[in-house]
Protein chains: 2
Amino acid sequence: MQLEEGKEKFIQAWGTLGSSWGINRTMAQVHALLLISPTSLSTEDVMQELSVSRGNANMNLRALMDWGLISKELRPGERKEYFVAEKDMWKVAKQVIRERRKRELEPMLRILEELKQVEGKKGDRDAEAFTQAINNLHDLSTKADKTLNTMLRADEHWFLSSFMKLMR
Amino acid sequence: MQLEEGKEKFIQAWGTLGSSWGINRTMAQVHALLLISPTSLSTEDVMQELSVSRGNANMNLRALMDWGLISKELRPGERKEYFVAEKDMWKVAKQVIRERRKRELEPMLRILEELKQVEGKKGDRDAEAFTQAINNLHDLSTKADKTLNTMLRADEHWFLSSFMKLMR
DNA sequence: TAAAACTTTCAATAAGTATTGAAAGTATAA
DNA sequence: TTATACTTTCAATACTTATTGAAAGTTTTA
């Protein structure tokens, strides 16, 4: 396969994967583009490469900054802003985990804690099933939260070798 | 908080969480409804409780079956089909991991393998950055795949206690 | 201070996804 | 076999989310 075809394919695939993870397609494509780019790119470059409007490029570049997946790079003597992606995939994965934990897991934990306070007549099957489900879910979520937290503190070597060895 | 309000809140929250994970809101809500129901429910029950159409209820119940998160329950002497959700949250989590691994991680691995074959002139920075990114990603994905595979074989006790102890 | 070079916003619109409901399909019972 | 009790399908439609592009905003340079 030729390089251009490969790039195209990768950008497409990353965009599709993003969609099934609740990430807007263009955002994932911009990320893919920057991941495989040896140099930093401007908004114009992104518009050009992906054939998207200025507004769209701008909005998704900002979103990627919010997620901590890319950063601005200022070239001396130039006014335009350029963007680079973090290239270390383990760092990328950790950052995504960190953000989703903050944006989804933690709010869900707060809701589950609130729902543990639900009152139901003792002996009511509905109330018992509810309490049971909420408690189990809260328990699992708490454990997942702690596990993720630990993973995030671990470095790649630890995660990928010691941990792997232990697991097999 | 009263039981009814709690149920409502949980169904809403689960639906919202689903959306940010690429899962259709109604599907997540049907799942939530069954998770907190002490008895199995029919399509009619689901339509009633969530105020959705027959078509919608049917389609999402099927999708949940495809994901292996709920199953049919036939009541002796009744023609109608009833559905129950797996209540063990660890099993639920494992099943979701299993499915997403199959539906997303594995296809992505196949694509990355294909993209490792991309030809680029030696010394071309673009080609080198591309190859580098693909290789790193393939490497991380393979490791994640193996780790998930191992996790799926582990039982709850192992995962949540031995593993947790080791991690801290 | 004004013009130029850029970035951001946002209302309009397009594109994508989910939902409805009635009709068609299927299986059981009479 | 026909009627009944369900389940499934799917074209039309509603709803949600993403995208555009022009205008407004901001910063730098002359």
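Here is the naming used below: chain letters follow the sequence lines, and residue numbers restart at 1 for every chain.
- With 3.5 Å as the limit, one finds no donor-acceptor pair spanning the side chains of A:E86 and A:Q95.
- In this structure, the nucleotide among C:dT7, C:dT19, D:dT7 sitting nearest to the side chain of A:N58 is C:dT7.
- Side-chain contact check for A:R75 and A:S40: at least one donor-acceptor pair (N or O, by modelled atom type) lies under 3.5 Å.
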Distance-only donor-acceptor pairs under 3.5 Å for side chains of residues 60-69 of chain B, two or more places apart:
{"from": "B:N60", "atom 1": "OD1", "to": "B:N24", "atom 2": "ND2", "distance (Å)": "3.3"}
{"from": "B:N60", "atom 1": "ND2", "to": "B:N56", "atom 2": "O", "distance (Å)": "3.0"}
{"from": "B:N60", "atom 1": "ND2", "to": "B:N56", "atom 2": "OD1", "distance (Å)": "2.7"}

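- Side-chain atoms of B:E128 come within 3.5 Å of backbone atoms of B:G123 as a donor-acceptor pair (strictly under, hydrogens ignored).
- Legend: residues meeting salt bridge (charged side-chain N to carboxylate O under 4.0 Å, His left out) with B:E8, ordered by chain and number and at least two apart, are absent.
- Atoms CZ (B:R62) and P (C:dT26) sit 13 Å apart, rounded to a whole Å.
- A donor-acceptor pair shorter than 3.5 Å cannot be found between the side chains of B:D139 and B:T142.
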Restricting both atoms to N or O, compile the protein contacts to nucleotides 3-6 of chain D shorter than 3.5 Å, with distance only.
{"from": "D:dA5", "atom 1": "O4'", "to": "B:R79", "atom 2": "NH1", "distance (Å)": "3.4"}
{"from": "D:dA5", "atom 1": "N3", "to": "B:R79", "atom 2": "NH2", "distance (Å)": "3.0"}

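- Whole-Å rounding puts the B:M47 CE to D:dT7 C1' distance at 12 Å.
- For the pair A:L61 CG and C:dT9 C1', the computed distance is 15 Å after rounding to whole Å.
- Contacts of A:N149 classified as side chain to side chain contact (heavy atoms under 4.5 Å, CB included), with partners at least two apart in sequence or in another chain: A:R101, A:R153.
- Two residues are said to be in side-chain contact when any heavy atoms from C-beta on lie closer than 4.5 Å; B:L17 and A:E104 meet this criterion.
- The closest donor-acceptor contact from the side chain of A:S51 to the backbone of A:M47 lies at 3.5 Å or more, if one exists at all.
- The two residues B:A85 and B:L35 come nearest to each other via the heavy atoms CB-N, 4.0 Å.
- Side-chain N or O atoms of B:T131 include one that pairs as donor or acceptor with a backbone N or O of B:A127 at under 3.5 Å.
- Within residues 20-31 of chain A, no residue places a heavy atom under 4.0 Å from DNA chain C.
- Nearer the 5' end of DNA chain D, as judged by each residue's closest nucleotide, is the contact made by B:Y82, out of B:S19 and B:Y82.
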Are there any protein N/O atoms within less than 3.5 Å of an N/O atom in nucleotides 20-23 of chain C, and if so, which ones and at what distance?
{"from": "C:dT20", "atom 1": "OP2", "to": "B:S53", "atom 2": "N", "distance (Å)": "2.7"}
{"from": "C:dT20", "atom 1": "OP2", "to": "B:S53", "atom 2": "OG", "distance (Å)": "3.0"}
{"from": "C:dT20", "atom 1": "OP2", "to": "B:N56", "atom 2": "ND2", "distance (Å)": "3.1"}

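- Here D:dT8 presents its C1' atom at 13 Å from CE of B:M65, a figure rounded to the nearest Å.
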